[in-house]
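Every value quoted in this text rests on a predicted model; they were computed, and no experiment measured them.
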Amino acid sequence: MKQKTKMIHGGITGDEQTGAVSVPIYQVSTYKQPRAGQHTGYEYSRTGNPTRTALESLIADLEGGAAGYAFGSGMAAVTAVMMLFNSGDHIILTDDVYGGTYRVMTKVMNRIGIEATFSDTSSIGDIEKAIKPNTKAIYVETPTNPLLKITDLKKVSETAKKHGLLLIVDNTFYTPYFQNPLSFGADIVLHSATKYLGGHSDVVGGLVVTATKELGEELHFIQNSTGGILGPQDSWLLMRGMKTLGLRMEAHEQNARKIAAFLEGHHAVEKVYYPGSPSHPGHELAKQQSTGFGGMISFDIGKEENVDLVLGRLKLFTIAESLGAVESLISVPARMTHASIPRDRRLQLGITDGLIRISVGIEDIDDLLEDLKEALDSLA
Ligand SMILES: *Cc1c(COP(=O)(O)O)cnc(C)c1O
């Protein structure tokens, strides 16, 4: 089955009892047991809920994994995955990893003895250098946020296997429609479902898929023990969003390609980061391992003052955190998503004060281009 068909027919569809074609919202916490200690597959909704199960099996199908798990947010998903490790373990993460992931590793996981090194995972040499006797996993985001650096999933997976490490991939930016990390040998894929999977800026959630049933069982144990589950209403909303994921991703990308080309030709723009541009250093690699380049673009307009001028003039790009929804959003990583990263570290990574990130929506491209042109032309 192809991905767009799986989005409609994958996982668990409809309701056998009534014939309803959409999975019902099982707004329930507990389930009647025919005899004490005997249950019908569901006993308590932290452990399992039929609406959540349908979502979990859908994401497992889309990522081609053995099992899926749904959490109350992307960060709850990241945290649950980290709970697979023990005090004294060391994890190597992509250096310009999502700000919240950086924060949880450096302010929370460190307190319970899980050590992190941030390394440029687009360079296998840098990963090899960071490996220590207690290293247990490599955690990769590709493309990264906000600079859209690409990591070679096949090579990093070979490196992980050679050293007996788990490979974890945050696939939020490309989604299973454009990229399937498990097919390159990753062990765990996770998502902030708040972004493209939900796609409508109306739900916060996180999803994890494991390559094997065993790893899935370990993760379910953590999910049930720590309890950061997604509720049935939000599980249903996510499934509803995911039915159109393929169509939306295609529309996001079509618009993004045109916007990236426009930005590259504009005098006020110093640098454009978009993996779909042939000038992007990760372009060839992205072409090999993904079926699309996505809808995220970052660009640098130099001075910090320029940022407020441009953002103040835009009408169709809403200033907001988050990404991946039908409406175009714009953000300033240094002040917003990456504000929790110290300034010198940010500058080291290339996240300057003049860097702007846009999540290209699915509005009519002519309107988006006109809006951007009007705002950027205002800069001398
Ligand atoms: C948003 C995001 C997260 C965190 O997800 P939440 O749903 O906001 O908790 C993790 N990784 C990436 C790449 C993200 O964009």
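S123 and D126 share a donor-acceptor pair across their side chains, judged by distance under 3.5 Å alone. In summary, the side chains of T151 and T121 do present a donor paired with an acceptor at a separation below 3.5 Å, with no hydrogens or angles considered. For the 3.5 Å distance criterion, the side chains of D96 and T144 qualify, holding a donor opposite an acceptor. Defined by atom type and a distance below 3.5 Å, a donor-acceptor pair is present between the side-chain atoms of Y177 and E250. In this structure, a donor-acceptor pair under 3.5 Å is absent between the side chains of T47 and Y42.
Taking the six-membered ring for Trp and the full ring otherwise, H252 and Y196 have centroids separated by under 6.0 Å. For F118 and Y102, the ring centers sit closer than 6.0 Å to each other.
The side-chain tip of K195 points at the ring of Y98 from less than 6.0 angstrom away and within 45° of straight on.
At distances below 3.5 Å, not a single donor-acceptor pair connects side-chain atoms of H191 with backbone N or O atoms of A193. When atom types are taken as modelled, the side chain of D61 and the backbone of G11 share a donor-acceptor pair closer than 3.5 angstrom. The closest donor-acceptor contact from the side chain of D170 to the backbone of V189 lies at 3.5 Å or more, if one exists at all.
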Salt bridge (charged side-chain N to carboxylate O under 4.0 Å, His left out) between D371 and R313, intermediate numbers included: CA-CA 8 Å; D371 199 26; R313 278 182 166 259; over 6 Å; no
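For N171, the side-chain hydrogen bond (donor to acceptor under 3.5 Å, both in side chains) criterion is met by E63, Q179, not counting sequence neighbours. Residues satisfying the ring pair (Phe, Tyr, Trp, His ring centres under 6.0 Å) criterion with Y26, sequence neighbours excluded, are absent altogether.
Summarising the geometry, atom NZ belonging to K129 is positioned 12.0 Å from atom CD1 belonging to I92; distances are rounded to the nearest 0.5 Å. Annotation: the span from H9 atom NE2 to K4 atom NZ amounts to 13.0 Å, rounded to 0.5 Å. Within the model, atoms CG of D120 and CD1 of I127 stand 8.5 Å from one another, a figure rounded to the nearest 0.5 Å. If you take CG on L93 and CE on M109, they are separated by 11.0 Å, rounding to the nearest 0.5 Å. Between F221 atom CZ and L84 atom CG the span is 11.5 Å, to the nearest 0.5 Å. The distance from atom CZ of R357 to atom CG of L148, rounded to the nearest 0.5 Å, is 8.5 Å.
Side-chain contact between Q223 and R52 is present, with heavy atoms from C-beta onward closer than 4.5 Å.
More than 12 heavy atoms of other residues, nucleotides or ligands lie within 6.0 Å of CZ in R345, so this atom counts as buried by the packing criterion.
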